[in-house]
Amino acid sequence: MAYDPENIFAKILKGEIPCDKVFENDYALAFNDINPQAPVHTLVIPKGEYISMADFSVNASEELVTGFFRAVGETARQLGLEEGGYRLIANTGENAHQEVPHLHFHILSGRPLGPMLSF
Ligand code: AMP
């Protein structure tokens with residue numbers, strides 16, 4: 001599957017549609033989810049054309065992999081989530097119900113989140 005440069009997160013990265021920005025550096029952009037599932041629900045996306053974790057983990061440079069993962073941690077830190085804790089989710093592919101084909105990590109927090117999966 002080829003990367004779709006018109007997906008919604010690609011448009012956010014290009015500045016074609018707005019987002020509620022939380023954090024940005026050379027490697028990543030973090031913004032609040034438009035349909036939050038918890039009091040804190042922030043998405044972190046890499047700056048690059050990667051469909052999913054499967055794609056990113058194989059094809060991204062060492063620098064981008066490192067920079068992106070540091071940015072995920074930094075976003076959570078800046079949101080003040082380290083003390084209370086938070087959950088990371090990266091839905092990948094059909095079984096995980098990935099809707100947007102640009103890698104994104106969900107940061108969820110702000111209340112006890114309960115069991116890991118709901119069906
Ligand atoms: P996933 O199912 O893991 O692909 O999650 C996609 C997420 O993107 C969902 O939680 C959506 O609410 C969120 N989303 C879709 N469009 C936007 C947008 N324009 N701005 C912020 N979040 C969005």
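All ligand and atom numbering here is 1-based and tracks the order in the structure. Just so you know, these numbers use all the heavy atoms, side chains as well, and skip hydrogens, waters and symmetry mates.
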Quiz item: Does atom CZ of Arg70 have more than 12 heavy-atom neighbours, drawn from other residues, nucleotides or ligands, at distances under 6.0 Å?
Solution: no
Quiz item: Looking at CD of Glu99 and CG of Asn35, how far apart are the two atoms once the value is rounded to the nearest 0.5 Å?
Solution: 9.0 Å
Quiz item: Do any N/O atoms on Val100 end up under 3.5 angstrom from N/O atoms on ligand 1?
Solution: yes
Quiz item: Which residue supplies the protein heavy atom nearest to atom 9 (C) of ligand 1, what is that atom called, and how far is it?
Solution: Asp33 OD2, 3.4 Å
Quiz item: Would a line drawn from the ring center of Phe9 to the ring center of Phe31 be shorter than 6.0 Å?
Solution: yes
Practice problem: Using a strict cut-off of 4.0 Å, indicate which atoms of ligand 1 neighbour a heavy atom of Asn35. | Solution: 12 (O)
Practice problem: Identify, by atom number and element, the atoms of ligand 1 in contact range of Phe31, meaning under 4.0 Å from any of its heavy atoms. | Solution: 21 (C)
Practice problem: Around atom 6 (C) of ligand 1, find the nearest protein heavy atom and jot down its residue, atom name and distance. | Solution: His104 NE2, 3.6 Å
Quiz item: Can you tell me the protein heavy atom closest to atom 8 (O) of ligand 1 and the distance?
Solution: Phe9 CZ, 3.4 Å
Quiz item: What class does the angle between the rings of Phe56 and Phe68 fall in, given that below 30° is parallel, 30 to 60° is tilted and above 60° is perpendicular?
Solution: perpendicular
Exercise. Give the atoms of ligand 1, by number and element, whose distance to some non-hydrogen atom of Asn91 is under 4.0 Å.
Key: 1 (P), 2 (O), 3 (O)
Practice problem: State yes or no: are the ring centers of Phe105 and Phe69 separated by less than 6.0 Å? | Solution: yes
Exercise. Using distance alone, determine whether Asn32 and ligand 1 share an N or O pair under 3.5 Å.
Key: no
Quiz item: Just by distance, do the side chain of Glu49 and the backbone of Ile51 share a donor-acceptor pair under 3.5 Å?
Solution: no
Quiz item: For ligand 1, which part of His97 has a heavy atom less than 4.0 Å away: the side chain, the backbone, both, or neither?
Solution: backbone
Exercise. From atom 3 (O) of ligand 1, work out which of His106, Glu99, Gln98 has a heavy atom at the shortest distance.
Key: His106
Quiz item: Under the 3.5 angstrom rule, does the side chain of His102 hit a backbone N or O of Pro46 as a donor-acceptor pair?
Solution: yes
Quiz item: With distance as the sole test, does Lys47 use its side chain to make a donor-acceptor pair with the main-chain N or O of Asn25 at under 3.5 Å?
Solution: yes
Quiz prompt | Nitrogen or oxygen of Ile34 less than 3.5 angstrom from that of ligand 1 | solution = yes
Quiz prompt | Contact check, Asp20 vs ligand 1, heavy-atom distance below 4.0 Å | solution = no
